[in-house]
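Reading through the structure tokens given below for one structure.
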There are 2 protein chains.
Amino acid sequence: MIALYFKIASFNINSVRARKEMLIQWLGENKPDVVCLQETKVINADFPAACLLEAGYNSLFKGRKSYNGVAILSPHQINPLNSDLGSIAEPDEARLIAAEIKGIPIVNTYIPQGQSPESDKFSYKISWIKALKEYFDSNFKPDEPLLWLGDFNVAPEPEDVHAPKRLLGRVGFHPTEHEALDYVKSWGFKDIFRLHHQSEGGHFTFWDYRVPKALDRNLGWRIDHIWATAPLAKRSTKAWIDIEPRRKVKPSDHTFILAEFNIDS
Amino acid sequence: MIALYFKIASFNINSVRARKEMLIQWLGENKPDVVCLQETKVINADFPAACLLEAGYNSLFKGRKSYNGVAILSPHQINPLNSDLGSIAEPDEARLIAAEIKGIPIVNTYIPQGQSPESDKFSYKISWIKALKEYFDSNFKPDEPLLWLGDFNVAPEPEDVHAPKRLLGRVGFHPTEHEALDYVKSWGFKDIFRLHHQSEGGHFTFWDYRVPKALDRNLGWRIDHIWATAPLAKRSTKAWIDIEPRRKVKPSDHTFILAEFNIDS
DNA sequence: GGGCGGGGCG
DNA sequence: CGCCCCGCCC
């Protein structure tokens, strides 16, 4: 019997309207089973679902005007799951969407950026992250397959930023964020990229537009992630970052992170 | 001896930043000796001179933030001429630029639009037009070669608008504008396009973005012009409007008007 | 730097 | 409709 592979990806698209052509091209070239998008920046009525369907992808999306917005794309059937983080999250923020695809539950999050460690937005970010533990607890089981993908807006380890000493304490690489994320991770997640690239540095998914030549100088952050519970983690065959979309004419500030799983029964 | 042709063009580009790619493509395909641009909408520091030089064109430009802005492009040497309309014109308006190219003096104007016949801007437009007579008088001679190109924001004759009866009295086709323009024309200009298309209607250079399907329904105005003094007018071989750029993906609301002159000595 | 409005303008 | 700007956000 031949192996059955399941290829998934996460991408902060920074406007699905501005980048839908490149998205469709990428889907055609990479043929993933699932793509989780963040910062679609479009209300549901304007989500280019028809366009994506033509390209062979179903979509489940939750958007609002200007900010945030998440979506899950798949050539397979997408069965919506509970996507409500609960009381901690401001309503209609459009930062979390969940679905079951091919029997695998998938949670896609766009964690608040947090602005600066002194701001109210930072404490909101921390509460939002911690609320995820309760969300996972009420909806899933750590000993069953579960995928958590998205823009976490946190680089978990020193290898995940280009200048760990200088950046420690900055938003996105702050002890309080690490603590909050570890708290959720302890529920039962493995970092799938890190699993396949033990203590390797220099692998990033985000380069700030405002840093001159950030990509060429590789002044990036690994803040987009693919995490999974143990039963799926042990079936993961590889994980990688596709940097090419970030080299195109109109790149997002983020790029795609991918992982592949062997899901033979 | 073979004839020596001189091909000139005028184009209201409605932002040279937004349309520099199409401009460069058009220059490559049409290889004019001179192009006069209006509404470049850039300060001098941001004018894409290097870009145009790469495409084989020198440029002389005068711009301001947001509004107006004029430029003269040529593969030949561009010798600046007096570009000051005088006291009537508000300073730094960037509506007039003049140069000598291949021994021919060229004046490029972006005449004020005038808003509505009741507004102060309309009387400013009339004064501005009339001031041109004094400008031509002080700087040039009607019995010597002189080219005047630009967006005049006036359709001179009934054939120059799509609905002369309905539009008579509107800004751009108003008796007061006709009177002012005739006053300047009497200094010594010929309308080179009209010379080659006697009493032909339906030839327009501008279609309002706000009129639905204006181009398809040819609901236009001929408000961009190429005028010349007698010694040049008698050497004009043809004049035409290139409508193709207006059919492209990101058209200006105007298109190119062109003329060719035989300048054998 | 590059998305998103929103308001001014022709 | 499609430029311009500005301010907000990342």
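Order of the sequence lines sets the chain letters (A, B, ...), proteins ahead of strands, with each chain counted from 1.
- Between the P atom of dG3(C) and the CH2 atom of Trp207(A) lies a distance of 17 Å, rounded to the nearest Å.
- Taking the side chain as every heavy atom from C-beta outward, Leu73(A) and Phe11(A) never approach each other to under 4.5 Å.
- Within 4.0 Å of Arg64(B), counting heavy atoms only, lies no atom of the nucleic acid at all.
- The closest side-chain heavy-atom distance from Glu54(B) to Ile24(B) is not below 4.5 Å.
- Considering only side-chain N and O atoms, Arg19(A) lies nowhere under 4.0 angstrom from the phosphate OP1 or OP2 of dG2(C).
- Ring pair Trp207(A)/Phe204(A) is perpendicular by interplanar angle, where above 60° counts as perpendicular and below 30° as parallel.
- Atoms CG (Leu23(A)) and C1' (dG3(C)) sit 16 Å apart, rounded to a whole Å.
- Distance NZ (Lys125(B)) to C1' (dC9(C)): 15 Å, rounded to an integer number of Å.
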**Message:** At under 4.0 Å between heavy atoms, how does the protein contact nucleotides 4-10 of chain D? Give one character per nucleotide, 5' to 3', with B, S or -.
**Reply:** SSS--SB

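- The pair Arg194(B)-Asp160(B) meets the salt-bridge criterion, since a charged nitrogen lies less than 4.0 angstrom from a carboxylate oxygen.
- At whole-Å resolution of the value, CE in Met22(A) and P in dG2(C) are 13 Å apart.
- Residue Asp224(B) contributes atom CG, which lies 14 Å from atom C1' of dG10(C) at whole-angstrom precision.
- At a threshold of 4.5 Å between non-hydrogen side-chain atoms, the residues Ile111(A) and Trp128(A) count as touching.
- Looking at Asn30(A) and Val35(A), their side chains never come closer than 4.5 Å, going by heavy atoms from C-beta outward.
- Atom CZ in Arg246(B) sits about 11 Å away from atom P in dC3(D), given to the nearest Å.
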